[in-house]
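Chain A is the first sequence line, chain B the second, and so forth, proteins listed ahead of strands; every chain is numbered from 1.
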Amino acid sequence: MLNEFRMQLPIFQFRDKIIKSIRENQVIIIAGETGCGKTTQIPQYIYENDSNLRIAVTQPRRVAAMTLAERCSLEKQTKLGQLIGYNVRFDDCTSKDTQITFLTDGMLIREFIVDQQLKRYDIIIIDEAHERTVQSDLLLGLLKNLCRKRKQLKVILMSATMQIEKFANYLETEAIHIIEARTHTVDVYNVPIRQQDYVESMVNTILQLHFTQPEGDILAFLTGQEDIEDVREILLERMKISNQEKQLEVKMLYSALPPEVQMEAFQKCVHRKVVLATNIAETSITIDGIVYVVDCGYVKIRSFQIGKAIDTLLLAPVSKAQAEQRAGRAGRQRQGQCYRLYTQQTYERLAKYMLPEILRVNLLSVILQMKAIGIQNVLTFDLIDRPDMELMLANLNQLVKMKALDSEFNLTQHGKNMSSLPLEPQFSHFLIKAYECGIYDLALNSISILQVENLFYFQRGSKENLQKILSKFKISNSDHLTKANILRKYEETQNKKSFCKENSLNHKTLQKAISVKQQLKDYMKRITQKEFEKEDYDKFKQVLSESLMFKHAFYSPQDQAYKLKQTNQLAYIHPESVLFNQKPKYVIYNEVILTKKVYLRDVTEIDEL
DNA sequence: GAGCACTGC
């Protein structure tokens, strides 16, 4: 039975219309802002109408998949994992009775590799399609194809109310439903003149807001750890000077913060709270009680420069859609206000949407996945936005060199094995080769710990300890081996928490590395039975060097920098490397990224190129 | 002598 709460949701009045539309069309589009109830209700409507159907609902983020399944289970008063369940990495909470499965986009792509017909499901819902992640774009392409082969299959695309025509054209459907949500209005204010420095401007706006506006918490959007810490320091200083009775609690929120510090941003405060956040607060996380939003107008974007073959992580203006999304965060509880630290004129000139991810990342692993799913010609595969042809061709040729594909671009057994691992292709290649050479534990430790980010956590200004800590674990002029050693020492230590504290390590991060290692170990069991171990660092380096065949660099004395073998690009060893300030002649690296300079991250010295 | 936003298998 439908309970009263469910009937009050905006989506409820569309129930019969949508059911009818699904019956009559193979592909339908449902657009509606967050809060209209589409994600929790539509799977249930479908099930209540025909209890034989098996439904998959995809989400870009794993927490969303888990909490949505929990929410729906509660509404249907069933046990989570029975009728309704979820399936995300490290956590499969489904059973043979499960008919509504919430899963991540990446998980459904994995299922495609196992069964290209996806016969396990009758209806597939792709949610949050407007976010345009690589995974959901790829899923749309795969499902568009599959619809021709499986006439009974139904596909529902759900998105915010943007780019709907584009989706509709691509999926060749006219069945579009737009659901209005009941949200509160947000008044938007722009600054009248262009601001020189958004940190200064941010501080002034927050303080002015604080001293003149009625109660309600503030959410401030900044770009990264550095400007968040700057704003915080200046705010605290000025609050001290002003000696006002009106207190202001300053909290921070960005992904490199340890989870326990992040939690502080969610606690209710006696006084007004201001949360200084990155775009983690844009979609991933919702904070209750926010009435005011301040938007600096910038965001850090990671892109892949095709010609130079390097990643960049640089500041860029937000898109209009992003600016709206940020403003919307003020209207979740009651009428809110949004202050933009840029002029109305600047706003008008912003791009409508951010460039979709598939057009700005390296596609090596996506191409391998596509081959594993059985796509013959990936170059002509019909995606909603086609990536650069040259890049895809270069990726194909790299996969040939790794022997993942043969010379006709057909998937080899090795490529099949590689695609079964949740790793970048060069690491899959490395792990498989390392097993063959009998250095599996060393390789597993190294790969697992390199998968996790924010291994260390330092308070501002205390980072001079880093090299001291690294030297305790250092092995053989290699970040790969040194980090493997950190994981091994962590595993061997009894009191893990104090071990982490002593060495400024992030406990949760290492926990994650452990579960990554266990998962990789399980996957590897299906590929090879070999499990013998010898501690051979030279062999390790040799196999690694061969696996990172496109990531070699040599020191160029006249440039006082490294030259990448592939492109002659100049780069510097990252300060977080054990090789920082040393100048080994030849190195291999995991990643080359432009931030303030072009840096090589995770570096190992080798004897020759 | 600098420090990387976010997400996923």
Side-chain angles (χ1 to χ4, degrees), chain A residues 58-65 87-92 103-114 128 131-139 221-230 253-257 277-285 296 298-303 311-316 318 322 325 354 357 360-361 365-366 368-369 372-373 418-425 427-428 451-467 504 512 515-516 519-520 522-523 572-577 580-581 591-599 601-602:
Chain A
T58 73
Q59 292 293 317
R61 285 166 289 280
R62 39 181 286 136
V63 236
N87 189 9
V88 298
R89 188 180 186 184
F90 303 125
D91 195 359
D92 180 359
L103 71 178
T104 47
D105 301 325
M107 268 298 184
L108 193 61
I109 289 176
R110 292 263 141 200
E111 291 196 21
F112 253 108
I113 296 178
V114 181
E128 313 279 13
E131 288 191 25
R132 302 293 314 275
T133 63
V134 172
Q135 313 277 35
S136 77
D137 273 11
L138 178 56
L139 279 178
F221 283 102
L222 289 148
T223 65
Q225 181 173 354
E226 197 176 3
D227 51 20
I228 285 175
E229 284 174 337
D230 287 343
L253 194 60
Y254 52 89
S255 76
L257 274 180
T278 60
N279 49 349
I280 192 173
E282 221 171 78
T283 47
S284 313
I285 280 173
C296 79
Y298 290 93
V299 64
K300 272 187 193 164
I301 300 185
R302 191 175 176 125
S303 314
D311 275 307
T312 62
L313 187 68
L314 299 173
L315 224 55
V318 294
Q322 231 173 340
Q325 174 73 22
M354 197 165 60
E357 198 185 3
R360 55 181 172 83
V361 297
S365 58
V366 183
L368 181 60
Q369 275 181 333
I373 293 167
M418 280 168 64
S419 73
S420 73
L421 299 170
L423 295 170
E424 284 292 305
F427 293 131
S428 303
Q451 294 306 303
V452 295
E453 285 180 349
N454 310 315
L455 184 56
F456 295 99
Y457 175 66
F458 295 96
Q459 302 279 1
R460 177 169 236 190
S462 68
K463 231 176 181 175
E464 58 272 22
N465 299 321
L466 177 65
Q467 287 296 333
S504 297
K512 197 178 166 210
S515 53
V516 169
Q519 189 192 26
L520 291 175
D522 294 343
Y523 278 136
Y572 301 86
I573 290 181
H574 195 275
E576 269 189 30
S577 167
F580 182 64
N581 272 343
E591 186 180 46
V592 48
I593 183 159
L594 169 67
T595 51
K596 283 184 178 161
K597 276 162 125 179
V598 180
Y599 285 113
R601 306 200 77 219
D602 293 318

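Nucleotide B:dA5 holds its P atom 14 Å from the CD1 atom of A:Ile301, rounded to whole Å. Note: CD1 (A:Ile573) to C1' (B:dG3) measures 17 Å, nearest angstrom. The nearest whole Å value for the distance from the CG atom in A:Leu315 to the C1' atom in B:dA5 is 10 Å. As a whole-Å value, the separation of A:Leu253 CG from B:dA5 P is 12 Å. As rounded to whole Å, 17 Å separates atom C1' of B:dT7 from atom NZ of A:Lys300. Atom-to-atom, CD of A:Gln325 to P of B:dA5 comes out at 20 Å; the value is rounded to the nearest Å. Separating the NZ atom of A:Lys597 from the P atom of B:dA2 is a distance of 6 Å, rounded to the nearest angstrom. The distance from atom CG of A:Leu594 to atom P of B:dG3 is 10 Å, rounded to the nearest whole Å.
Within the 4.0 angstrom heavy-atom criterion, no nucleotide atom of any strand lies near A:Thr133. If you check every strand for non-hydrogen atoms under 4.0 Å, A:Glu591 touches a base. Note on A:Val134: nothing from the nucleic acid sits closer than 4.0 angstrom, heavy atoms only. Backbone-only engagement by A:Ile280 is indicated by non-hydrogen atom pairs under 4.0 Å involving sugar-phosphate atoms exclusively. A:Gln225 comes within 4.0 angstrom of sugar-phosphate atoms only, judged by non-hydrogen atoms across all strands, and of no base.
Across B:dG8, B:dG3, B:dC9, the shortest atom-to-atom separation from the side chain of A:Arg89 is found for B:dC9. Set against B:dA5, B:dC4, B:dT7, the side chain of A:His574 has B:dC4 as its closest nucleotide. Residue A:Pro575 has its side chain nearest to B:dA2 when only B:dC9, B:dC4, B:dA2 are considered. Closest to the A:Leu313 side chain, of the nucleotides B:dC4, B:dG3, B:dG1, is B:dC4. In the set B:dG3, B:dG8, B:dC4, B:dG8 carries the atom at the smallest distance from any side-chain atom of A:Gln135.
The two residues A:Pro60 and A:Thr133 come nearest to each other via the heavy atoms CB-CG2, 4.4 Å. The two residues A:Thr283 and A:Gln325 make their nearest non-hydrogen contact at CG2-NE2, 4.0 Å.
Note that the CE atom of A:Met418 and the CZ atom of A:Phe427 stand 11.5 Å from one another [nearest 0.5 Å].
Mapping A:Gln369 and A:Glu226 onto DNA chain B by nearest heavy atom places A:Glu226 at the nucleotide closer to the 5' end. Along DNA chain B, the nucleotide nearest A:Pro60 and the nucleotide nearest A:Asn279 are compared for position; the residue whose nucleotide lies closer to the 5' end is A:Asn279.
The phosphate of B:dT7 (OP1 or OP2) has no side-chain N or O of A:Thr283 nearer than 4.0 angstrom. Regarding contacts with the backbone of B:dC9, every side-chain N or O of A:Ser365 stays at 4.0 angstrom or more from both OP1 and OP2. For B:dG3, one of the phosphate oxygens OP1 or OP2 lies less than 4.0 angstrom from a side-chain nitrogen or oxygen of A:Tyr599. Applying the 4.0 Å criterion to OP1 and OP2 of B:dC4, one finds that A:Thr595 has a side-chain N or O inside that range.
Not counting sequence neighbours, the partners of A:Asp602 by the salt bridge (charged side-chain N to carboxylate O under 4.0 Å, His left out) test are A:Lys483. Among residues two or more places apart in sequence or in another chain, the salt bridge (charged side-chain N to carboxylate O under 4.0 Å, His left out) test is passed with A:Asp227 by none.
Of the possible polar contacts, one joining the A:Arg62 side chain to the A:Arg89 backbone as a donor-acceptor pair under 3.5 Å is found.
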